[in-house]
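Just so it is clear, the structure is predicted and the values come from calculations on it, not from any experiment.
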Amino acid sequence: MPRLSAVPLSMLACVLALSGCSTTQKDETAGWSPNRIYSEATEERAAGNFEKSVSLLEKLEGRAAGTPLAQQAQIDKAFTQYKAGEQAQALATLDRFQKLHPASPAMDYVLYLKGLVSFNDNLGLFGALARQDLSERDQKAAKESFESFRELVARFPDSRYSPDARARMTYIVNSLAQYEVHVARYYYSRGAHVAAINRAQTALTDYVDAPALEEALFIMLRSYEALGMTQLRDDTRRVMQASYPQSEYLTKGFKSVDEPWWKIW
């Protein structure tokens, strides 16, 4: 068998080494100032290049470590991840920021952004699923959003973000109450009257002054009637008449099933 000489082998090794070096990508930001990196990241986000923007902001975190600009880069990274639809990554970034900078003057915005990341204003939080059975759907994200907004309002009542946070809290409460009533109605329509009563009572207990509570009482009234529990039916009717004297439920019954359950105002 012919043998390869040592010279060609060494030459081959050099060629491979050189080719490997040629594939190494050069860091285009090597000579950039922190301010330029931040500016470029902002422009990339505005153009919809979220991945590139996040990459630049991560570089900025390292280059400007220990400065206010590094903190701003972290916040902007979370916002960019939020805009890219990367909810879990955005929340992780915000959680990390809170641990590293608990006394940051931007904490009110961080809490507001945390609320926004989990908040979904698409028709009562669940609009895309309006025709599906939602009886087992988790409401964790909506409740986490509410908690972030509540912490913001409690800690920073005069923050520029607090008025919007309060409005979103009301929206979330109304949506969650309507969800419970939707589930109660689902059980009622299938003859599970005890389960319907329990879910309606949950709405009445957990959510105050939500528009959906009128229907919650009506579901309880009809469920007690179906179970032959006339005393509880009559008690519920009196409460409903006192609370909603003009209620159309008492005269017309349930609203049309064609009306989306999430339409709360």
Side-chain angles (χ1 to χ4, degrees), residues 45-46 48 50-51 53-54 57-58 61 71-183 199 202-203 205-212 260-265:
R45 181 176 64 241
F50 301 123
E51 185 176 350
S53 180
V54 167
L57 290 167
E58 288 175 343
E61 282 187 66
Q71 293 187 32
Q72 187 63 51
Q74 292 176 41
I75 296 173
D76 277 40
K77 183 172 108 173
F79 178 72
T80 304
Q81 291 167 328
Y82 161 61
K83 295 294 287 184
E86 298 176 347
Q87 183 187 60
Q89 292 90 328
L91 290 174
T93 299
L94 291 168
D95 285 341
R96 177 171 172 268
F97 183 92
Q98 287 184 281
K99 291 177 182 177
L100 292 174
H101 313 289
S104 170
M107 189 55 67
D108 61 335
Y109 176 71
V110 169
L111 290 169
Y112 179 69
L113 184 54
K114 279 190 75 172
L116 284 183
V117 171
S118 298
F119 182 87
N120 180 358
D121 61 354
N122 181 19
L123 303 176
L125 306 179
F126 317 104
L129 302 170
R131 296 305 177 192
Q132 297 182 20
D133 168 24
L134 303 177
S135 62
E136 300 302 326
R137 187 164 178 79
D138 185 15
Q139 307 305 297
K140 182 180 178 182
K143 292 176 181 177
E144 288 179 348
S145 177
F146 182 88
E147 289 304 318
S148 293
F149 289 138
R150 181 163 67 177
E151 183 178 354
L152 163 61
V153 170
R155 291 179 58 184
F156 308 99
D158 298 324
S159 167
R160 59 183 292 192
Y161 306 107
S162 290
D164 187 65
R166 292 186 184 95
R168 290 176 187 271
M169 287 168 67
T170 298
Y171 183 88
I172 291 171
V173 167
N174 289 348
S175 298
L176 291 173
Q178 183 63 64
Y179 171 79
E180 293 295 336
V181 172
H182 166 74
V183 176
R199 287 310 277 262
T202 296
T205 301
D206 293 350
Y207 307 103
V208 179
D209 296 330
W261 65 270
W262 39 258
K263 193 170 184 180
I264 57 179
W265 48 51

Taking every heavy atom of Val181 against every heavy atom of Ala212, the minimum-distance pair comes out as CG2-O, 3.5 Å
Which value, rounded to the nearest 0.5 Å, describes the distance between Tyr161 atom OH and Leu111 atom CG?
11.5 Å
Stepwise side-chain contact (heavy atoms from CB on, under 4.5 Å) test for Gln74 and Leu100
CA-CA 11 Å; Gln74 292 176 41; Leu100 292 174; 4.1 Å; yes
Which heavy-atom pair separates Pro102 from Met107 by the least distance, and what is that distance?
O-CE, 3.8 Å
If you look at every heavy atom in Ala90 and Gln81, which pair is closest and at what distance?
CA-OE1, 3.4 Å
Pairwise distance OG(Ser118) to CZ(Phe149) - rounded to 0.5 angstrom
8.5 Å
Between atom OH of Tyr82 and atom CG of Leu116, what is the distance when rounded to the nearest 0.5 Å?
4.5 Å
Report the C-alpha separation of Val153 and Met169 in whole Å, then their side-chain angles, then the decisive distance to 0.1 Å, and conclude whether the side-chain contact (heavy atoms from CB on, under 4.5 Å) test is met.
CA-CA 10 Å; Val153 170; Met169 287 168 67; 4.1 Å; yes
So CZ of Arg168 and CG of Leu152: to nearest 0.5 Å the spacing works out to 11.5 Å
Centroid separation under 6.0 Å, is that true for the rings of Tyr171 and Phe119?
yes
Between Glu86 and Thr80, is any pair of side-chain heavy atoms under 4.5 Å apart?
no
Backbone N/O of Phe156 and side chain of Ser162: donor-acceptor pair under 3.5 Å
yes
Is it the case that atom CD in Glu51 sees more than 12 heavy atoms from other parts of the structure closer than 6.0 Å?
no
Would you check, one step at a time, whether the test side-chain contact (heavy atoms from CB on, under 4.5 Å) holds for Tyr179 with Arg199?
CA-CA 10 Å; Tyr179 171 79; Arg199 287 310 277 262; 3.8 Å; yes
Is a salt bridge present between Glu61 and Lys77, judged by a nitrogen-to-oxygen distance below 4.0 Å?
yes
Check ion pair Asp95-Lys114 (N to O, under 4.0 angstrom):
yes
Measuring only between side-chain heavy atoms, which start at C-beta, is Arg166 closer than 4.5 Å to Pro163?
yes
Considering all heavy atoms, the nearest Ala177-Ala203 contact
O-CB, 4.2 Å
Please report the shortest heavy-atom distance between Phe97 and Gln71, naming the atom on each side.
CE1-O, 3.6 Å
Using the side-chain contact (heavy atoms from CB on, under 4.5 Å) rule, take Glu147 and Glu144 through it: C-alpha gap first, then chi angles, then the decisive distance, then the call.
CA-CA 5 Å; Glu147 289 304 318; Glu144 288 179 348; 5.7 Å; no
How far does CZ of Phe79 sit from OG1 of Thr93, to the nearest 0.5 angstrom?
13.5 Å
Quick check for you: to the nearest 0.5 Å, what is the distance between Asp76 atom CG and Leu113 atom CG?
9.5 Å
Are any of the side-chain heavy atoms of Ile172 and Ser145 separated by less than 4.5 Å?
yes
